[in-house]
> 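Pasting in a structure now, in structure tokens, and then I'll have a few things to ask.
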Amino acid sequence: MAIARFQIYRSADDAVTWRFLSANNRSLGQAADRFVDADACSRALLELRTRLTEMSATTARETPSQLWSWRVRLAGTDLAVSSRKYHRRVQAQYACRSFLGLVANSTVADLPRVVHF
């Protein structure tokens with residue numbers, strides 16, 4: 001049975017980042033920043049997973065597109081952002097709640113390997 005999971009990957013500009021995929025491989029959220037290596041990225045994933053209860057979530061409307069997105073913050077720093085934009089604020093809020101719930105129930109014992117794109 002497929003489950004939601006993290007994926008660490010190296011981008012075209014050689015930075016390392018992560019994204020969180022649903023059971024059907026749809027990207028639900030991603031790192032707000034890029035990392036110098038897979039170890040730093042893994043540490044950020046562990047912090048995200050272990051400190052979820054301390055984080056705040058916010059939605060914002062972007063201009064000029066007028067689409068909504070969400071962000072998850074800890075101590076004034078963005079840790080995760082939505083992977084897509086939404087036409088309605090309620091959709092962005094629901095997607096953020098879904099992301100947080102799935103991350104809370106995910107396991108990070110076996111951190112993913114780096115995937116090259």
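Note that the structure is predicted; figures quoted are calculated from it, not measured.
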> With rounding to the nearest 0.5 angstrom, report the CG to CZ distance, Leu48 to Phe6.
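That separation rounds to 5.0 Å.
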> Could you pull out the closest heavy-atom pair between Gln66 and Thr63, with the gap in Å?
NE2-CG2, 3.4 Å
> With ring pair (Phe, Tyr, Trp, His ring centres under 6.0 Å) as the rule and sequence neighbours excluded, what pairs involving residues 37-62 come up?
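Sorted pair list comes back empty.
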> Check side chain to side chain contact (heavy atoms under 4.5 Å, CB included) between Thr53 and all other residues, then give those that pass, not counting sequence neighbours.
none
> Anything under 3.5 Å between a donor and an acceptor, one on a side chain of residues 93-104, the other on a protein residue two or more places apart or in another chain? List them.
none

> Any pair with a residue in residues 36-66 that passes ring pair (Phe, Tyr, Trp, His ring centres under 6.0 Å), sequence neighbours left out, goes on the list, sorted by first then second residue, please.
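Non-adjacent pairs meeting ring pair (Phe, Tyr, Trp, His ring centres under 6.0 Å): zero.
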> Out of curiosity, does Val81 fall in the hydrophobic cluster containing Met55 (side-chain heavy atoms, cut-off under 4.5 Å, transitive links)?
no
> What distance separates Leu21 CG from Ser106 OG, expressed to the nearest 0.5 Å?
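Leu21 CG to Ser106 OG: 11.5 Å, rounded to 0.5 Å.
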> Would you please test His87 and Leu67 for side chain to side chain contact (heavy atoms under 4.5 Å, CB included) and show each step?
CA-CA 5 Å; His87 289 283; Leu67 297 176; 3.4 Å; yes
> Find the distance between CH2 (Trp18) and CD (Gln7) and round it off to the nearest 0.5 Å.
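Going from the CH2 atom of Trp18 to the CD atom of Gln7 covers 12.0 Å.
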> Report the residues that fulfil side-chain hydrogen bond (donor to acceptor under 3.5 Å, both in side chains) with Thr58, sequence neighbours left out, ordered by chain and then residue number.
none
> How many angstroms lie between CZ in Arg19 and CG in Asn25, if you round to the nearest 0.5 Å?
8.5 Å
> Say whether Leu52 and Leu45 are linked into one hydrophobic cluster, either directly or through other cluster members, by side-chain heavy-atom distances under 4.5 angstrom.
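Yes, Leu52 and Leu45 fall within the same hydrophobic cluster.
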> Quick one: side chain to side chain contact (heavy atoms under 4.5 Å, CB included) partners of Asn105, sequence neighbours excluded?
none
> Got a sec, which residues hit side chain to side chain contact (heavy atoms under 4.5 Å, CB included) with Asp14, two or more places apart in sequence or on another chain?
Arg10
> Under the salt bridge (Lys or Arg N to Asp or Glu O under 4.0 Å) definition, can you give me all pairs with a residue in residues 74-95, not counting sequence neighbours?
Glu62-Lys85, Arg71-Asp78, Arg73-Asp78
> Run the side chain to side chain contact (heavy atoms under 4.5 Å, CB included) test against Ser82 and tell me which residues pass, sequence neighbours left out.
Ser69, Trp70, Tyr86
> Could you give me the CA-CA distance, side-chain angles and deciding distance for Tyr9 and Thr17, then say whether side chain to side chain contact (heavy atoms under 4.5 Å, CB included) is met?
CA-CA 6 Å; Tyr9 64 97; Thr17 191; 3.3 Å; yes
> Roughly how far apart are Ser42 OG and Phe35 CZ, rounded to 0.5 Å?
9.5 Å
> With sequence neighbours excluded, give me every salt bridge (Lys or Arg N to Asp or Glu O under 4.0 Å) pair touching residues 20-34.
Asp13-Arg34
> Should Leu74 and Glu47 count as side-chain neighbours, where that means a heavy-atom distance under 4.5 Å?
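Contact flag for Leu74/Glu47 side chains = yes.
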